[in-house]
Amino acid sequence: MNGIKCKKLPKSFYTRGAVTVAKDLIGKVLVHKFDNKILSGIIVETEAYTGKNDPASHSFIGKTKRNGVMFEEGGKSYVYFTYGNHYCFNVVTGKKDRGNAVLIRAVQPLEGIDIMRKNRGTDDMYNLTSGPGKLAQALGIDKKLYAADLTGDIIYLTESGNAGKIRISRSKRIGISKNTEKLYRFFAKDNPYVSKVNIKTLLKNDSR
DNA sequence: CTTTAGATCGGCT
DNA sequence: GCCGATCTAAAGC
């Protein structure tokens, strides 16, 4: 039972382009009902991936078994497993067959913080959800949520009361090697729960 | 404090 | 076989 304004985001929120949705997602709340408990966090960092125009996107190469849900209409979840250890959570956006998605890179823990600590095996608040692999682990997100309906009751996103107060910055994306010039990363300025970025990562993208 | 290397596995270029 | 929309631990300065 989350107190204040918790209006679920409608389907129409998701059927727009990935870049627009990525920006609008900053300050929204990600909710997962896990083991009959509510786990939630305020989204503070996202990245847009725009399908066939975007060599960095998983959907760039066309539809495969792995990325299939990216080609559905916006409003589903795309969860993928990478580097042998990590799940990452994405929101599918745009119209059918566009292959657009937004990677949720960091959230600020809101509800169920004790469970998140247990899931992550640390008590450090700033290390619970400050990265795409970390937040998936903290919120208990895995392959079972692949293609889940984001307007359903298991995993969904809501409005929050104070979204208007957040200042949004943008930058190049992190951890990719193609199409690195695009400013498709959005994050809440000066928020300590944003993923820790080594300046050199951005410089490295820059110089090559 | 900064930097590097290793872990680890599913999907495919 | 190869590589990745990452994270962590441990070595280096």
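Hydrogens, waters and symmetry mates play no part in the numbers below; they use all other heavy atoms, side chains included. The chains referred to below are lettered A, B, ... by the order of the sequence lines, with proteins before strands, and numbering in each begins at 1. Predicted model, so just to flag it, every value in this text is computed and none were measured.
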Does the side chain of A:Thr122 come under 3.5 Å of the side chain of A:Asp124 through a donor N or O and an acceptor N or O? no
Tell me whether the OP1 or OP2 atom of C:dT8 has a side-chain N or O from A:Arg120 closer than 4.0 Å. yes
Would you say the side-chain atoms of A:His32 and A:Tyr156 include a donor-acceptor pair closer than 3.5 Å? no
Name all pairs fulfilling the ring pair (Phe, Tyr, Trp, His ring centres under 6.0 Å) condition that reach into residues 105-124 of chain A, sequence neighbours left out, sorted by first residue then second. none
N-O pairing of A:Asp97 and A:Lys52 below 4.0 Å: no
Would you say A:Lys178 places a side-chain N or O within less than 4.0 Å of OP1 or OP2 belonging to C:dA5? no
Between atom CE in A:Met70 and atom P in B:dG11, what is the gap in whole Å? 15 Å
Just how far, in rounded Å, is C1' of B:dT13 from CG of A:Asn67? 12 Å
Rounded to the nearest Å, what distance is computed from the OH atom of residue A:Tyr87 to the P atom of nucleotide B:dG11? 10 Å
Winner on side-chain proximity to A:Arg105, out of C:dA5, B:dC12, B:dA7, is C:dA5
Find the distance A:Asp54:CG to C:dA5:C1' and express it as a whole number of Å. 10 Å
Among B:dG11, C:dT6, C:dA5, the nucleotide that comes nearest once only the side chain of A:Leu103 is considered: C:dA5
Nucleotides 11-13 of chain C: which of its N/O atoms have a protein N/O under 3.5 Å away?
none

State which of B:dG11, C:dT6, C:dC7 makes the closest approach to the side chain of A:Lys134. C:dC7
What integer distance in Å separates A:Arg66:CZ from C:dA5:C1'? 9 Å
Short N-O contact, A:Arg185 and A:Glu45, less than 4.0 angstrom: yes
Side chain of A:Ile61, heavy atoms from C-beta onward: which of B:dG11, C:dA5, B:dT13 has the nearest atom to it? B:dT13
Assess whether a salt bridge exists between A:Asp153 and A:Lys8, defined as any Lys/Arg side-chain N lying under 4.0 Å from an Asp/Glu carboxylate O. yes
Gap between atom OG of A:Ser40 and atom CE of A:Met116 - 0.5 Å precision: 6.0 Å
Roughly how many Å is it from NZ in A:Lys196 to C1' in B:dT3, rounded to a whole number? 19 Å
Under a 3.5 Å cut-off for both distances, is B:dT8 Watson-Crick or wobble paired, and to whom? none
Pair A:Glu72 + A:Lys96, salt bridge at N-O below 4.0 Å: no
Nucleotide nearest A:Phe81 when distance is taken to its side chain, options B:dG10, C:dG4, B:dT13: B:dG10
Mate of C:dA5 where both pairing distances stay under 3.5 Å, Watson-Crick or G-U: none
Give a yes/no on whether any side-chain N or O of A:Thr64 is located under 4.0 angstrom from OP1 or OP2 of B:dG11. no
Just checking A:Tyr80: base, sugar-phosphate only, or nothing, at a heavy-atom cut-off of under 4.0 Å? base
Return the nearest nucleotide to the side chain of A:Asn90; candidates are C:dA5, B:dT8, B:dC12. C:dA5
d(CG, A:Asn85; P, C:dA9) in whole Å: 12 Å
Under 4.0 angstrom between A:His86 side-chain N/O and C:dC7 OP1 or OP2: no
Could you check how far OH of A:Tyr83 sits from P of B:dG11, rounded to whole Å? 16 Å
